[in-house]
Amino acid sequence: MSEYTTVVVGTDGSESSLKAVQRAASIAGSTAKLVIACAYFPSDPRSVESASDQLREDAYQVHGAAPTYEILRTANERARGAGATNIEERSIVGPPVESLLKLTNDVSADLLVVGNRGLNTITGRLLGSVPSDAARKAHCDVLIVHTVR
């Protein structure tokens, strides 16, 4: 089996996605570059306040770029703790799947790592989920880490 040279992992700050970061970091180790990505949508303050009230604990997903940097910092710490040494952080604007796939092309990644959150839900089955859409559309290997059981 060939060794991966560039590993991309997506995180949204959830504990599930941070488990995927740790797994990606253990794969990257000290030999591969690990690119940690967080996709977000910029939004106006009124929309954010309304969405935050409805989303409660998932509200971090609608708060523009500022929380993204904290998410990436936390993910970087987890990745270093899991053994990764060559880490790059990327905040990317847009839908998670499309943004991650574009990033894998931009950095010539040979592995994309995502968590399985949403994969086995009714919504995920009907509308798609990050792991299933990424696995279908990626042009590199995809590892779906079982972070939610």
Side-chain angles (χ1 to χ4, degrees), residues 1-44 47-48 51 55 57-80 82-149:
M1 183 171 142
S2 65
E3 193 171 294
Y4 294 114
T5 58
T6 304
V7 178
V8 170
V9 61
T11 182
D12 62 5
S14 66
E15 190 57 38
S16 172
S17 72
L18 291 172
K19 288 178 183 175
V21 167
Q22 289 174 292
R23 182 69 175 116
S26 68
I27 292 168
S30 62
T31 58
K33 175 167 63 170
L34 177 64
V35 181
I36 303 171
C38 183
Y40 71 95
F41 292 104
S43 51
D44 69 89
S47 298
V48 169
L55 292 173
E57 70 273 359
D58 289 327
Y60 62 87
Q61 297 180 56
V62 296
H63 284 273
T68 301
Y69 299 114
E70 180 61 24
I71 290 168
L72 289 170
R73 185 193 63 74
T74 300
N76 190 316
E77 289 173 2
R78 294 270 186 111
R80 289 197 185 284
T85 57
N86 182 5
I87 302 170
E88 182 179 319
E89 298 174 9
R90 293 278 187 104
S91 62
I92 46 181
V93 176
V97 174
E98 288 77 7
S99 300
L100 286 172
L101 295 177
K102 181 180 181 317
L103 180 60
T104 60
N105 289 332
D106 291 349
V107 300
S108 300
D110 39 18
L111 178 64
L112 171 61
V113 179
V114 293
N116 71 330
R117 183 175 177 193
L119 189 62
N120 294 319
T121 63
I122 291 174
T123 303
R125 289 181 185 153
L126 293 175
L127 302 176
S129 65
V130 171
S132 65
D133 290 351
R136 271 195 342 271
K137 298 175 181 177
H139 295 284
C140 64
D141 290 351
V142 176
L143 173 63
I144 301 173
V145 179
H146 286 278
T147 59
V148 177
R149 300 200 190 272

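Since the model is a prediction, treat every value here as computed from it, not as a measurement.
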Quick one: CZ on R23 to NE2 on H146, what's the gap to the nearest 0.5 Å? 11.5 Å
Note, V107 side chain near R90 side chain (heavy atom, < 4.5 Å): yes
As a test of understanding, state which of V114, L111, V9 forms a side-chain contact (heavy atoms from CB on, under 4.5 Å) with L143. L111
Between D110 and T6 (side chain of the first, backbone of the second, donor and acceptor by atom type, cut-off under 3.5 Å), is there such a pair? yes
Between the CD atom in E89 and the CD1 atom in I71, the distance rounded to the nearest 0.5 Å is 11.5 Å
What are the two closest heavy atoms between L100 and G10, and how far apart are they? CD2-CA, 3.8 Å
Flag if over 12 foreign heavy atoms under 6.0 Å of NZ, K137: yes
Are the side chains of L101 and L112 in touch, meaning some heavy atoms are under 4.5 Å apart? yes
CD1/I36 to CG/L103 distance, rounded to the nearest 0.5 angstrom? 11.5 Å
Any chance you could measure L34, atom CG, to N76, atom CG, to the nearest 0.5 Å? 8.5 Å
Determine the minimum heavy-atom distance between A25 and A82, stating which atoms define it. CB-CB, 3.7 Å
Do you know the tightest heavy-atom contact between S17 and T11? OG-OG1, 2.7 Å
Considering all heavy atoms, the nearest I87-A79 contact: CD1-CB, 3.7 Å
Of the non-hydrogen atoms in S99 and P95, which two are nearest, and what is the gap between them? OG-O, 2.7 Å
How long is the span from the CG atom in D12 to the OG1 atom in T68, to the nearest 0.5 Å? 10.5 Å
I'd like to check L72 versus S91 (side-chain heavy atoms, cut-off strictly below 4.5 Å). Are they in contact? yes
In short, A134 meets V97 closest at the heavy-atom pair N-CG1, 4.1 Å
d(R80 CZ, E77 CD) to nearest 0.5 Å is 10.0 Å
Salt bridge (Lys or Arg N to Asp or Glu O under 4.0 Å) partners for D141, two or more places apart: none
